[in-house]
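Here the structure comes first, spelled out in structure tokens, and everything after it is commentary.
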Protein chains: 2
Amino acid sequence: MITDDDRSFLGLAIEQARIGWEEGGIPIGAALVHEGEVLAVGRNRRVQLGSAIRHGETDCIENAGRLPAKVYRASTLYTTLSPCFMCAGTSVLYDIPRIVVGENTSFEASESWLRSRGVVVDLVDDPVCRELMDTMMREKPDLWAEDIGEES
Amino acid sequence: MITDDDRSFLGLAIEQARIGWEEGGIPIGAALVHEGEVLAVGRNRRVQLGSAIRHGETDCIENAGRLPAKVYRASTLYTTLSPCFMCAGTSVLYDIPRIVVGENTSFEASESWLRSRGVVVDLVDDPVCRELMDTMMREKPDLWAEDIGEES
């Protein structure tokens, strides 16, 4: 179930996605929230940092720094796009119990696996998230292929 | 099947693990090899960089920089320790077809999942890799718990 708070935290992730796009990057953002407190936000920084591992979710988790297991286990990860297997695997490593997904029309790979591991995956299906991805996939298809390990 | 070349490339990963331990970090290392050429090495840098995402394998993949999909798809990832789900998920994202694992006695989480996704996982069962982990788990159990998202 998506609450007003969820929409508000997803808004922080969307803001990160927009910043990333304005920087010339891939418009995907994330936020990590622990019991109502925002621990970190992050965005895909493949272009900005020449990175192969800084997706929105992993950048956010990296920005949150080293955390005790019990914090991850009581946190929710917000992401504008359904997570790839790297980001899903990172969530599973740290036992993050819930992921709120902005949209999964542009890309979806890991949701059934996450659910099979006990993760709650809640979909917002947000039109702004979809539009950011639509624009990027139209204007920079090769960059998007690279980001998900596909040949362009 | 493990070849002499595999043992040699695993040796580079072990060297990284030793460097990491001498730095005060977690002794896990990795190497990414494409058609006999070493693209990058890396090591767990949780302590060194205050990082939540720099495991041996992800640090190595990050050090390799942005690569075309076809390079990952013809590469082998060498790691001193069986990959966690973050590192396994990163390999699946990039369709790395083969992972050579130094040892899986200290830790094993993702191997059956990797195989179910078509990844070849070859185990060396190397005593040096085991010894590095044994020492660390004895001397720094809390650090190890943190690295795999467990409560200490």
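Chain letters run A, B, ... following the sequence lines, proteins first, then strands; residues in each count from 1. All values reported here derive from a predicted model rather than from experimental measurement.
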Scored by heavy-atom pairs under 4.5 Å with chain A, the best of B/Cys87, B/Gly50, B/Ser51 is B/Ser51
With hydrophobic residues grouped by side-chain heavy-atom distances under 4.5 Å, do B/Ile28 and B/Ile14 end up in a single group?
no
Among B/Ala88, B/Ala69, B/Ala64, B/Ser91, single out the residue with the greatest number of heavy-atom pairs under 4.5 Å to chain A.
B/Ala69
Applying a strict 4.5 Å limit to non-hydrogen atoms, the region of B/Val71 in contact with chain A is neither
State whether the number of non-hydrogen atoms from other residues, nucleotides or ligands found under 6.0 Å of B/Arg18 atom CZ is greater than 12.
no
So does A/Glu23 have more than 12 non-hydrogen atoms from other groups sitting under 6.0 Å from CD?
yes
Heavy-atom proximity to chain A below 4.5 Å, by part of B/Asp147
backbone
If Ile, Leu, Val, Met, Phe, Trp and Tyr residues are connected whenever their side-chain heavy atoms lie under 4.5 Å apart, and connections chain through other members, are B/Ile61 and B/Val33 in the same group?
no
Could you state whether B/Leu143 and B/Leu132 fall into the same hydrophobic cluster, counting links through intermediate Ile, Leu, Val, Met, Phe, Trp or Tyr residues with side-chain heavy atoms under 4.5 angstrom apart?
no
In this structure, would A/Ile96 and A/Tyr78 fall into the same cluster of hydrophobic residues linked by side-chain contacts under 4.5 Å?
no
Rounded at 0.5 Å granularity, tell me how far CZ in A/Arg66 sits from CG in B/Leu49.
10.5 Å
Identify the two heavy atoms, one from A/Leu67 and one from B/Glu146, that lie closest to each other, and give their separation to 0.1 Å.
O-CG, 4.2 Å
Name the region of B/Arg117, side chain, backbone, both or neither, that has any atom closer than 4.5 Å to a heavy atom of chain A.
side chain
Whether A/Lys70 and B/Glu151 form a salt bridge (side-chain N of Lys/Arg under 4.0 Å from carboxylate O of Asp/Glu) is what I want to check.
no
Among A/Gly149, A/Ala109, A/Gly65, which residue has the highest count of heavy-atom pairs closer than 4.5 Å to chain B?
A/Gly149
Over all atoms of both residues, closest heavy-atom pair of B/Met86 and A/Leu93:
CB-CD2, 4.0 Å
Distance from B/Tyr94 atom OH to A/Cys84 atom SG, nearest 0.5 Å?
7.5 Å
Residue among B/Arg73, B/Arg54, B/Glu62, B/His55 with most heavy-atom pairs under 4.5 Å to chain A:
B/Glu62
Within-4.5 Å side-chain heavy-atom neighbours: B/Trp113 and A/Trp113:
yes
Are B/Phe9 and B/Leu32 connected in a single hydrophobic cluster, I mean Ile/Leu/Val/Met/Phe/Trp/Tyr linked by side-chain heavy atoms less than 4.5 Å apart?
no
